[in-house]
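Encoded as structure tokens, the structure appears first; notes follow it.
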Amino acid sequence: MTVPKILALVGPTASGKTGLSYLIANLIKKNLNRVPVIISADSRQVYKHVPIAASYPPEEYLEKFKHYFIGELELDKEFNAGEYGKKAREIISGLLADNKIPLIAGGSGLYINSLVYGLFDYDEALEEGGLKNKQKIIRQSLTERLHKEGIESLLDELKKVDEVSAGRMSNVNQRRIIRALEVYYTTGITISELQNRKINVGFEAVQFALKWERTKLYDRINSRVDEMLEQGLINEIQLIKDKGYSYKEYNSLNTVGVKEVFDYLSGLITYERMVELIKQNTRRFAKRQLTWFKKDKNINWIDVKDENDLEIAAKEIFSKFF
């Protein structure tokens, strides 16, 4: 039986994935006379109320083509890579059955790995194994210990049971440390081992990414931040803050571009410092993304020099894939 191939557009923030997906979707519709559907692989775009902060695709794109995982969840909802992979695979399976063409586009490495390589679904395992109640008790106990003992104590404990995971974290990763300990004490298996377990995803992902000179990518990031501010980023975060949300409490808001605005609105930093930090932290984030994606030898990199090259890249990818 032939395994279907799915096109995936990946890469760092501001590299042009959204525009590229739109161009390729147009080529699919025009040349193949089939319906393209875009599957976002972005851990922040899935949340509501943050169209500017999360850089949703323009309304024109959303109206012309069906998108999944854009503005679907409330900010207080937890969502992880395992859940994303499972739901996205179900959507892709349905689209293929309807003779539609799924197009993956995003820059969240864990989400992409979960979807295209099939990371182990911890939450599904809990459900099937009847471990939900045990998980809840353990999580409550760890949270209480966090307040009594501090995060350093829990991180030291994690080093003893899961040195691999602990090595990826610092004491600022409170949620991840508690999550890793919770996984181990609930299942008896370390989260690092679970993350290496793969399932059959039912398709082969052919991945492409746009390769920019580092300085040009950083220029694009700086320009995007300026555009986000012009579009009303501060007002967007103010509305969220007025509803009682905080990036310190909700993982959905614990991201670059949101934290800095919260600090500005709270009077902790000046406007100028806020802008400087958003740009600086976004560049650092992009650097980490590049490091992540460069480790994946399955990604095909397309050289681009300016915005005009996006259309050329779209045609090149379309001709190679279809």
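If you're wondering where the values come from, they're calculated on a predicted model, not measured in any experiment.
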Partners of [X] by salt bridge (Lys or Arg N to Asp or Glu O under 4.0 Å), sequence neighbours excluded?
X    : answer
R224 : none
K48  : E74
K211 : none
E157 : R145

Checklist entry - Is there a donor-acceptor contact under 3.5 Å from the side chain of N31 to the main chain of L27? => result yes

Checklist entry - Are any side-chain N or O atoms of Q207 and backbone N or O atoms of N298, one a donor and one an acceptor, separated by less than 3.5 Å? => result no

Residues in ring-ring contact (aromatic ring centres under 6.0 Å, His included) contact with [X], at least two apart in sequence or another chain:
X    : answer
F285 : none
Y68  : none
Y111 : Y84
Y61  : Y22

Next on the checklist: Using the rule given for salt bridge (Lys or Arg N to Asp or Glu O under 4.0 Å), can you reason through D226 versus K279, listing the C-alpha separation, both sets of side-chain angles and the distance that settles it, and then say yes or no?
Outcome noted: CA-CA 9 Å; D226 290 335; K279 291 180 178 180; 3.0 Å; yes

Within [range] or reaching into it, pairs that qualify as ring-ring contact (aromatic ring centres under 6.0 Å, His included) - sequence neighbours excluded:
range            : value
residues 138-162 : none
residues 295-322 : F318-F322
residues 208-235 : none
residues 251-281 : Y247-F262, Y264-Y271

Indicate yes or no: does [X] engage [Y] in a salt bridge with an N to O separation below 4.0 Å.
X    : Y    : result
K136 : E182 : no
E276 : R273 : yes
K320 : E316 : yes
E307 : R220 : yes

Can you see whether [X] engages [Y] through a side-chain donor-acceptor pair at a distance of less than 3.5 angstrom?
X    : Y    : answer
N254 : R175 : no
N80  : E83  : yes
E260 : N281 : yes
D162 : S192 : yes

Checklist outcome for this item: Closest non-hydrogen atoms of A313 and V304, given as atom of the first, atom of the second and distance, are CB-CG1, 4.1 Å

Next on the checklist: Show the nearest heavy-atom pair for residues P51 and E236, with the distance to one decimal.
Outcome noted: CD-OE1, 3.1 Å

